[in-house]
**Student:** 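One structure, as structure tokens, below. Some questions next.
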Amino acid sequence: MKELVGIAEQVAGKLIARKQTIAVAESSTGGLIAASLLAVPGASAYFLGGAVVYTRDARRVLMDISDEGMKGFRSSSEPYAKLLAEQMRGRFSSDWGLSETGAAGPTGNRYGDAAGHSCMAVAGPAAEVMTLETGSSDRFANMQLFAATALKLLLKKLEG
């Protein structure tokens with residue numbers, strides 16, 4: 001968790017300096033991204049909210065994305081990660097949206113992705129989507145690595 005908070009401190013510094021805000025949607029990280037950002041003192045200056053979108057019901061209730069709205073999308077994919085990031089940004093009117101969706105392990109998901117598969121996206125003044133494959137079935141290690149990678153992706157966009 002210490003590494004996550006270290007990256008979050010860098011993100012926080014950039015967001016505070018720019019007077020910008022963020023909202024987060026995460027799945028297989030289970031709230032680690034939000035927890036890392038909130039562990040930094042002064043988080044209320046930049047963190048507007050977050051959601052753990054772990055199930056279909058959570059997607060419908062928390063993100064207001066219906067089953068119909070998922071036509072052409074599947075969870076744990078780059079297009080879905082992009083949709084989540086954009087949806088969070090819009091729902092919170094934040095400068096940035098950050099999302100993560102994947103399969104932490106120890107097994108893969110029902111879409112055929114192996115454990116250690118995660119897609120993440122940044123939406124904002126700069127945008128990027130990426131896929132990470134750890135090759136590991138260690139659930140907690142994957143959760144931490146997914147969160148760190150998502151935060152580093154955001155940091156790269158903030159620095160760019």
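This structure is a prediction, so every number in the text was calculated from the model and none was measured.
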**Student:** If you measure from CG on Leu15 to CD on Gln10, what distance do you get to the nearest 0.5 Å?
**Tutor:** 12.0 Å
**Student:** Can you check whether Gly112's main-chain N or O pairs, donor with acceptor, with Asn109's side chain at less than 3.5 Å?
**Tutor:** yes
**Student:** Assigning hydrophobic clusters by single linkage (Ile, Leu, Val, Met, Phe, Trp, Tyr; side-chain heavy-atom cutoff under 4.5 Å), is Val122 placed with Leu37?
**Tutor:** yes
**Student:** Do Ser27 and Glu100 meet the criterion of a side-chain donor-acceptor pair at a distance under 3.5 Å?
**Tutor:** no
**Student:** State, with a plain yes or no, whether a side-chain heavy atom of Leu158 is found less than 4.5 Å away from one of Lys156.
**Tutor:** no
**Student:** For Asp95, check side chain to side chain donor-acceptor pair (under 3.5 Å) against everything at least two apart and list the hits.
**Tutor:** Thr21
**Student:** Distance from Glu9 atom CD to Ile16 atom CD1, nearest 0.5 Å?
**Tutor:** 10.5 Å
**Student:** State yes or no: do Met88 and Leu38 share one hydrophobic cluster built from I, L, V, M, F, W and Y residues joined by side-chain heavy-atom distances below 4.5 Å, directly or via other members?
**Tutor:** no
**Student:** Are Leu154 and Met1 connected, step by step, through hydrophobic side chains (Ile, Leu, Val, Met, Phe, Trp, Tyr) whose heavy atoms are closer than 4.5 Å?
**Tutor:** yes
**Student:** Quick check: does any side chain N or O of His117 sit under 3.5 Å from a backbone N or O of Ser76, one acting as donor and the other as acceptor?
**Tutor:** yes
**Student:** Any donor-acceptor pair under 3.5 Å linking the side chain of Asn142 with the backbone of Ser136?
**Tutor:** yes
**Student:** Can a side-chain donor-acceptor contact be found between Ser99 and Glu26 if the only test is distance below 3.5 angstrom?
**Tutor:** no
**Student:** For residues Leu145 and Val129: do they belong to one hydrophobic cluster (side chain heavy atoms under 4.5 Å, members Ile, Leu, Val, Met, Phe, Trp, Tyr)?
**Tutor:** no
**Student:** Would you say that Tyr80 contacts Val53 through its side chain, given a criterion of any heavy-atom pair below 4.5 Å between the two side chains?
**Tutor:** yes
**Student:** Before giving the answer on side chain to side chain contact (heavy atoms under 4.5 Å, CB included), spell out for Ile22 and Phe92 the whole-Å C-alpha distance, their side-chain angles and the decisive distance to 0.1 Å.
**Tutor:** CA-CA 8 Å; Ile22 187 160; Phe92 282 88; over 6 Å; no
**Student:** Trp96 vs Arg89, test: side chain to side chain contact (heavy atoms under 4.5 Å, CB included). Steps then yes/no.
**Tutor:** CA-CA 6 Å; Trp96 298 91; Arg89 183 178 183 220; 5.9 Å; no
**Student:** Go through the steps for Leu98 and Met120 under the test side chain to side chain contact (heavy atoms under 4.5 Å, CB included), then give the verdict.
**Tutor:** CA-CA 7 Å; Leu98 178 63; Met120 48 209 71; 5.5 Å; no
**Student:** Determine yes or no for a side-chain-to-main-chain donor-acceptor pair under 3.5 angstrom, with Tyr54 supplying the side chain and Thr29 the backbone.
**Tutor:** no
**Student:** Assess the residue pair Glu159 and Lys152 against the criterion (salt bridge (charged side-chain N to carboxylate O under 4.0 Å, His left out)); give the C-alpha distance rounded to whole Å, side-chain angles, the decisive distance to 0.1 Å, and a yes or no.
**Tutor:** CA-CA 10 Å; Glu159 289 173 340; Lys152 287 175 185 173; over 6 Å; no
**Student:** Working to the nearest 0.5 angstrom, can you tell me the gap between Ile33 CD1 and Leu4 CG?
**Tutor:** 8.5 Å
**Student:** In the structure I gave you, are the side-chain heavy atoms of Phe146 and Ser28 within less than 4.5 Å of one another anywhere?
**Tutor:** yes
**Student:** Distance from Ser66 atom OG to Arg56 atom CZ, nearest 0.5 Å?
**Tutor:** 10.5 Å
**Student:** Should Val11 and Tyr46 be marked as a side chain to side chain contact (heavy atoms under 4.5 Å, CB included) after you check the CA-CA gap, both sets of side-chain angles, and the distance that decides it?
**Tutor:** CA-CA 10 Å; Val11 167; Tyr46 59 86; 5.7 Å; no
**Student:** Taking the side chain as every heavy atom from C-beta outward, state whether Pro125 and Gln20 have any pair of such atoms under 4.5 Å apart.
**Tutor:** yes
**Student:** Checking Arg91 side chain against Ala23 main chain: does a donor-acceptor pair fall under 3.5 Å?
**Tutor:** no
**Student:** If you compare all heavy atoms of Thr101 against all heavy atoms of Ser75, which two are closest, and at what distance to 0.1 Å?
**Tutor:** OG1-C, 4.1 Å
**Student:** Has the side chain of Arg59 got a donor or acceptor atom that lies under 3.5 Å from a matching backbone atom of Ile65?
**Tutor:** yes
**Student:** Just wondering, more than 12 heavy atoms not from Lys82 lying within 6.0 Å of its NZ?
**Tutor:** no
**Student:** Under 4.5 Å between any side-chain heavy atoms of Ser36 and Leu151, yes or no?
**Tutor:** yes
**Student:** Rounded at 0.5 Å granularity, tell me how far NZ in Lys14 sits from CG in Leu155.
**Tutor:** 7.0 Å
**Student:** Hey, does the side chain of Thr55 reach the backbone of Ala58 with a donor-acceptor pair shorter than 3.5 angstrom?
**Tutor:** yes
**Student:** Please tell me whether Tyr111 and Met130 are part of a single hydrophobic cluster in this structure, the criterion being side-chain heavy atoms less than 4.5 Å apart.
**Tutor:** no
**Student:** Give, for atom CZ of Arg139 and atom OG of Ser137, the distance between the pair rounded to the nearest 0.5 Å.
**Tutor:** 11.5 Å
